Student: 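If you scroll down you'll find the structure; I have some questions about it.
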Amino acid sequence: ERYFQELQVPHLHEQAVGPYVPDFVLPLKIAVEVDGYTHFYAFSQRLTAKSELKRRILRALGWGVVSLPHFHWLELGHQEKLVFLIEQIEEVSQSSLSVVQ
């Protein structure tokens with residue numbers, strides 16, 4: 001949450017979207033999933049079927065999904081996390097961050 005605040009991106013924590021509750025919801029129908037180890041099969045970086053289905057349904061409902069996998073996120077420093085988050089938001093929204101702000 002502090003990263004969204006630092007980037008001045010409006011966000012809501014755990015708001016219902018269809019049958020799911022993404023970790024964060026941003027403007028322009030962007031759902032952010034903080035993917036901890038339970039989102040992946042044991043000893044792998046492959047999403048579980050449950051997590052994959054959630055993403056498919058969110059996309060089918062017209063939402064973009066930003067994924068923050070724990071194994072990548074934890075390796076990044078503060079500035080790198082901000083850059084990664086900006087890149088992911090811009091890729092999913094197909095807009096610059098200023099449009100999302």
Side-chain angles (χ1 to χ4, degrees):
E1 190 164 12
R2 68 181 177 154
Y3 293 98
F4 297 126
Q5 291 169 343
E6 195 167 334
L7 295 172
Q8 298 179 343
V9 173
H11 60 283
L12 297 173
H13 187 253
E14 295 186 340
Q15 296 293 304
V17 176
Y20 293 105
V21 179
D23 294 309
F24 296 97
V25 172
L26 309 182
L28 303 180
K29 292 179 79 171
I30 299 170
V32 178
E33 284 294 299
V34 179
D35 295 324
Y37 70 93
T38 60
H39 288 261
F40 298 91
Y41 289 109
F43 309 109
S44 80
Q45 295 181 0
R46 187 171 156 236
L47 282 171
T48 62
K50 180 180 174 184
S51 291
E52 265 306 329
L53 180 62
K54 181 177 183 178
R55 281 163 178 65
R56 276 192 230 134
I57 291 174
L58 288 171
R59 288 184 185 112
L61 292 171
W63 286 75
V65 180
V66 169
S67 176
L68 305 177
H70 73 282
F71 51 83
H72 181 67
W73 187 257
L74 294 175
E75 293 177 346
L76 302 176
H78 182 78
Q79 280 304 119
E80 294 168 315
K81 287 178 180 176
L82 291 172
V83 170
F84 180 70
L85 192 53
I86 291 168
E87 290 171 349
Q88 295 302 305
I89 292 170
E90 289 180 340
E91 181 180 324
V92 167
S93 69
Q94 298 179 344
S95 305
S96 71
L97 184 66
S98 62
V99 173
V100 179
Q101 293 170 321

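Keep in mind that this is a model prediction, so the values were computed, not measured.
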Student: Evaluate whether atom CD of Gln5 has more than 12 neighbouring non-hydrogen atoms of other residues, nucleotides or ligands under 6.0 angstrom away.
Tutor: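 Result for CD/Gln5: enclosed.
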Student: Can you give the donor-acceptor pairs under 3.5 Å from side chains of residues 13-20 to other protein atoms, not counting sequence neighbours?
Tutor:
from  : atom 1 : to    : atom 2 : distance (Å)
Gln15 : NE2    : His13 : O      : 3.4

Student: Got a sec, which residues hit ring-ring contact (aromatic ring centres under 6.0 Å, His included) with Tyr41, two or more places apart in sequence or on another chain?
Tutor: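 ring-ring contact (aromatic ring centres under 6.0 Å, His included) check on Tyr41 returns nothing, list empty.
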Student: What residues, two or more places apart in sequence or in another chain, satisfy side chain to side chain donor-acceptor pair (under 3.5 Å) together with Glu6?
Tutor: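 So Glu6 forms a side chain to side chain donor-acceptor pair (under 3.5 Å) with His78.
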Student: Got a sec, which pairs hit salt bridge (Lys or Arg N to Asp or Glu O under 4.0 Å) with one end in residues 75-89, sequence neighbours left out?
Tutor: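 For residues 75-89, and leaving out neighbouring residues, there are no salt bridge (Lys or Arg N to Asp or Glu O under 4.0 Å) pairs at all.
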Student: Nearest heavy-atom pair of Pro10 and Pro27: which atoms, and what distance?
Tutor: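 Nearest heavy atoms, Pro10 then Pro27: O-CD, 3.1 Å.
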Student: With Lys54, which residues qualify under side chain to side chain donor-acceptor pair (under 3.5 Å), at least two apart?
Tutor: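 So Lys54 forms a side chain to side chain donor-acceptor pair (under 3.5 Å) with Glu33.
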Student: May I ask you to list the residues sharing a hydrophobic cluster with Leu26, side-chain cutoff 4.5 Å, ordered by chain and number?
Tutor: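 Grouped by the 4.5 Å side-chain rule, Tyr3, Phe4, Leu7, Val9, Phe24, Leu28, Ile30, Val32, Val34, Val66, Leu68, Trp73, Leu76, Leu82, Phe84, Leu85, Ile86, Ile89, Val92, Leu97, Val99, Val100 form the rest of the cluster around Leu26.
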Student: Sequence neighbours excluded, which residues qualify as side chain to side chain donor-acceptor pair (under 3.5 Å) partners of Asp23?
Tutor: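 Residues passing side chain to side chain donor-acceptor pair (under 3.5 Å) with Asp23: none at all.
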Student: Got a sec, which residues hit side chain to side chain donor-acceptor pair (under 3.5 Å) with His11, two or more places apart in sequence or on another chain?
Tutor: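 Per chain and number, His11 pairs via side chain to side chain donor-acceptor pair (under 3.5 Å) with Glu1.
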Student: Mind jotting down which residue pairs meet the side-chain hydrogen bond (donor to acceptor under 3.5 Å, both in side chains) criterion with at least one end in residues 89-101? Sequence neighbours excluded, please.
Tutor: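 For residues 89-101, and leaving out neighbouring residues, the side-chain hydrogen bond (donor to acceptor under 3.5 Å, both in side chains) pairs sorted by first residue read Ser96-Ser98.
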Student: Run through the side-chain heavy atoms of Ile, Leu, Val, Met, Phe, Trp and Tyr, join any pair under 4.5 Å, and report what else lands in Phe43's cluster.
Tutor: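 None; Phe43 is a cluster of one.
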Student: Under the salt bridge (Lys or Arg N to Asp or Glu O under 4.0 Å) rule, what pairs show up with a residue in residues 55-68, not counting sequence neighbours?
Tutor: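 The answer is Asp35-Arg55.
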Student: Please go through Phe71's hydrophobic cluster and name the other residues, only I, L, V, M, F, W, Y counting, with side-chain heavy atoms under 4.5 Å joining them.
Tutor: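 Other cluster members: Phe40, Leu47.
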